[in-house]
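Notes to accompany the following structure.
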Number of protein chains: 2
Amino acid sequence: MKVNIFDVAKKSGMSIVTVSRVLNNAPTVREINRQKVLDAIKELNYSPNSAARTLVRGKTGIIGLTVTALGDSVFDCIVKTVHDRLKQNGYFLAISILDESNGDTEEASNFLFQEDRVDGIIVLSPVQEDRYVAELERKGIPFVVVDNQTENADFPTINVDNYKGGYEATNHLLELGHTHIAHISGQVLFLSSRERQKGFIDALAEEGLTPYLLANSRFGVRSGFQVMQDWIRSGQVPTAVFAGDDAIALGVVQALEANGYRVPEDVSVIGYDDQYISEELNPRLTTIRQPAVQMGEHAVFALLDILNHVKPSQTNLRLQPQLIVRESTAVCKGKNDRNRRD
Amino acid sequence: MKVNIFDVAKKSGMSIVTVSRVLNNAPTVREINRQKVLDAIKELNYSPNSAARTLVRGKTGIIGLTVTALGDSVFDCIVKTVHDRLKQNGYFLAISILDESNGDTEEASNFLFQEDRVDGIIVLSPVQEDRYVAELERKGIPFVVVDNQTENADFPTINVDNYKGGYEATNHLLELGHTHIAHISGQVLFLSSRERQKGFIDALAEEGLTPYLLANSRFGVRSGFQVMQDWIRSGQVPTAVFAGDDAIALGVVQALEANGYRVPEDVSVIGYDDQYISEELNPRLTTIRQPAVQMGEHAVFALLDILNHVKPSQTNLRLQPQLIVRESTAVCKGKNDRNRRD
DNA sequence: GTGAAAGCGCTAACAG
DNA sequence: CTGTTAGCGCTTTCAC
């Protein structure tokens, strides 16, 4: 691609300024000349150099989105939403993987951070949040963090009320008459895990109950399986389990079934996230759905607002999760004497 | 970020040229001066403007990767591999979602395509392949297509031998003594679906068998469930099923179990792709694994070779899939009389 | 070793 | 309506 605006100007007989005007849809170009330019552009197969444009305009038209994990339904949906909304607003989306591994080296390996390649960045659920926020602030790059780890963050964030999610999940179980309710949390390193757990405990407390069992584990099918397996072996089987995410829930279901328990007849299980697969599982998983579309939309709007200076660059949004009742939870039939460990 | 190379020059007492040299690690800078510049850079919190660099250097240092679907283990792994390999070679990765929806409008909405924002592009499993290839070629952007749809493509491609995969899957079933083998394919629109099916039929033919049942369906749990359900209702139950992908396989397993059949005791099921979840399912799914890491690596190497002109820009690589035997397939116990439909 | 000068391709004033 | 004149911030000859 060596053909530049000058070539087009020559070919069309116009000046480069006129070509530039046509390129930018300026209304002040005579239709005949406009056509001449357009023809030349097509003939020459010309397309403007974006680096030059960016340089002179001072903005890239690109919004960056950093991601840590792929293959997750929630993130997946957020990414797609962000992509669409950005497009509607004339921005392009560049996704980049945040490499959490090289915590030692101080230079962020991410190209979005490294230079001024974007007009703004949406940081999706980073683990080393502080580090990125600090870097972004130092470089003066406008950003929004989605699913952040810091309570009372002093930078713009979009979050889900995980406390509420944990509370609602537990409440659902409570309403079904369960009293022997266990919880398996994801890594407590994550604020979201701690909040869900807190919601769980508080919901129980409001009914004068305490957790039947409580395990601080990690996200994943294996973890759920392992914990449930251990509980069963130790003779402690709750009538209901609130799993920190759908993967844990799946593991719990499998451990239960492997030991002759039926879900939800014998034990109810509720997950968290509403992954695609959760609806396809057998039994279809009751779960707490994250408002992924909303998260994506608000992230985009918040960032664009910052870029356009229409709002204070300090928004901390907290969205509400939603209980999705499917087949893995049912009315409690078993031991209903409160908190007795039998 | 208004501080530029000029500010650094002034602050450090050097010329902008020297600053530039330091920036580019030129060896011809006196150590003392180098330090002065470095200090000024740090104090001013300066970082070079990438647009300006790109403009003058004629290259961006960015490789684009277009993706159509997220949330797929195979793609996920490819993306991660590409990211890492690129990084090792001094390139940054920008991922972008290919919007297949706007087939009517002729302008590709993808920012990677639209302007010269990347040095090269890796196109991952596009549906409207021809369209993108044409555009890329017209714009003169170096590219590689991974998992392409065209047979005998005249552009660089990295593929998996889907015929072989279908053949191996079927062969595995054959070796277990199955003769009543069914296949549920994904959309025949995809070359991969057709090739897997062809491998299936040929493997059968070599044993003098024909498909017990054959359904051209679509990828997804529901499809698999539906097809299997229909077969069961019509009284035609194969002893083994080769599913077009793991999702279909999961649906098949569910339909089977819902109707009192056990997997693999009564019916063997083999999937395709080896999604993360497949290993966590119950029964753990026997499947054909795509060599995702290899695909990613070869894609990067092929593209870098093109960029460095070390190889002809025409490579059509065909990688081999791998049979992963787990729990969902077993020796055939049932009807072993060849092809009799009972 | 270092700096002055000349662009990279484009857009934004300003004239005409 | 159109063209001339300046840069945007950086790298790259080419002198010194």
Side-chain angles (χ1 to χ4, degrees), chain A residues 1-38 40-41 44-62 90 111 114-119 139-141, chain B residues 1-38 40-41 44-62 90 111 114-119 139-141:
Chain A
M1 302 313 286
K2 313 193 63 177
V3 35
N4 62 15
I5 198 171
F6 201 81
D7 300 320
V8 177
K10 201 156 43 179
K11 178 117 195 163
S12 64
M14 299 288 109
S15 76
I16 60 167
V17 183
T18 303
V19 175
S20 176
R21 289 197 176 104
V22 173
L23 250 26
N24 294 284
N25 296 311
T28 66
V29 178
R30 199 168 294 169
E31 188 52 33
I32 309 176
N33 294 331
R34 163 181 234 81
Q35 270 312 326
K36 281 199 239 171
V37 171
L38 252 20
I41 287 177
L44 259 27
N45 187 23
Y46 164 79
S47 89
N49 180 297
S50 61
R53 286 186 138 175
T54 298
L55 180 58
V56 70
R57 294 212 270 229
K59 57 197 295 297
T60 62
I62 299 176
F111 87 100
Q114 205 151 37
E115 302 183 327
D116 50 356
R117 294 192 140 124
V118 291
D119 295 337
K139 300 209 169 148
I141 303 176
Chain B
M1 301 309 287
K2 313 192 63 177
V3 35
N4 61 17
I5 197 169
F6 203 81
D7 301 320
V8 177
K10 201 155 47 180
K11 178 114 194 165
S12 64
M14 298 287 109
S15 75
I16 61 166
V17 182
T18 303
V19 176
S20 175
R21 287 195 177 107
V22 172
L23 250 26
N24 294 284
N25 296 311
T28 66
V29 178
R30 202 165 291 170
E31 190 50 33
I32 308 174
N33 295 331
R34 161 181 235 83
Q35 269 312 325
K36 282 198 238 171
V37 172
L38 253 21
I41 287 177
L44 261 26
N45 187 22
Y46 164 79
S47 90
N49 180 295
S50 61
R53 284 186 140 176
T54 297
L55 180 57
V56 68
R57 295 211 270 229
K59 56 198 294 299
T60 62
I62 300 176
F111 87 98
Q114 204 152 37
E115 302 181 329
D116 49 354
R117 292 192 142 122
V118 291
D119 294 339
K139 300 210 171 148
I141 304 176

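Remember, predicted model here, so these are calculated numbers, not experimental data. In the text below, chain A, chain B and the rest are named by the order of the sequence lines, each starting its count at 1.
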*Should A/Arg53 be listed as having a side-chain N or O under 4.0 Å from OP1 or OP2 of C/dG9?*
no
*Would you say B/Asn25 and B/Arg34 make side-chain contact, with heavy atoms under 4.5 Å?*
yes
*Does C/dT11 have OP1 or OP2 sitting under 4.0 Å from an N or O in the side chain of A/Asn24?*
yes
*Using the closest heavy atom to pick a nucleotide of DNA chain C for each, name whichever of B/Met14 or B/Ala52 lands nearer the 5' end.*
B/Met14
*Look at B/Ser15 and C/dG3 and indicate whether a side-chain polar atom (N or O) is within less than 4.0 Å of OP1 or OP2.*
yes
_Rounded to whole Å, please give me the gap between CD1 in B/Ile16 and C1' in C/dG3._
9 Å
_Integer-rounded Å distance: C/dG1 P and B/Gln35 CD_ = 17 Å
_First of B/Ala51 and B/Val17 reached from the 5' end of DNA chain D, by closest nucleotide_ = B/Ala51
*Measure from the side-chain N and O atoms of B/Asp7 to the backbone N and O of B/Lys10, and report whether any donor-acceptor pair falls under 3.5 Å.*
no
*So what does B/Val19 touch, heavy atoms closer than 4.0 Å: a base, only the sugar-phosphate, or nothing?*
nothing
_Taking the nucleotide of DNA chain C with the nearest heavy atom to each, does B/Gly13 or B/Val56 sit closer to the 5' end?_
B/Gly13
*Whole Å only: how far is the CG atom of B/Asn25 from the P atom of C/dG1?*
16 Å
*Okay, side chain of A/Asn24, backbone of A/Ala26: is any donor-acceptor separation there less than 3.5 Å?*
no
*With respect to the phosphate group of D/dG3, does any side-chain polar atom (N or O) of A/Thr18 fall under 4.0 Å of OP1 or OP2?*
yes
*Quickly work out the B/Lys59 NZ to C/dG9 P distance and round it to whole Å.*
16 Å
*Between P of C/dT11 and CG of A/Leu23, the distance in whole Å*: 6 Å
_I'd like to know if A/Arg21 reaches the base of D/dG3 with its side chain such that a donor and an acceptor end up less than 3.5 angstrom apart._
yes
*Is B/Ser20 near enough to D/dC10 that one of its side-chain N or O atoms lies under 4.0 angstrom from OP1 or OP2?*
no
*In whole angstrom, what separates B/Arg117's CZ from C/dC10's C1'?*
13 Å
_Check: A/Ala51 main-chain N/O paired with A/Asn49 side-chain donor or acceptor under 3.5 Å_ = yes
*In whole angstrom, give the distance that lies between atom CZ of B/Phe6 and atom P of D/dC8.*
10 Å
_Less than 4.0 angstrom between a side-chain N/O of A/Asn49 and OP1 or OP2 of C/dC8, yes or no?_
no
_Which heavy atom of B/Tyr46 sits nearest to which heavy atom of B/Ile5, and what is that distance?_
CE1-N, 3.6 Å
*May I have the distance from B/Ile5 (atom CD1) to D/dG7 (atom P), rounded to whole angstrom?*
18 Å
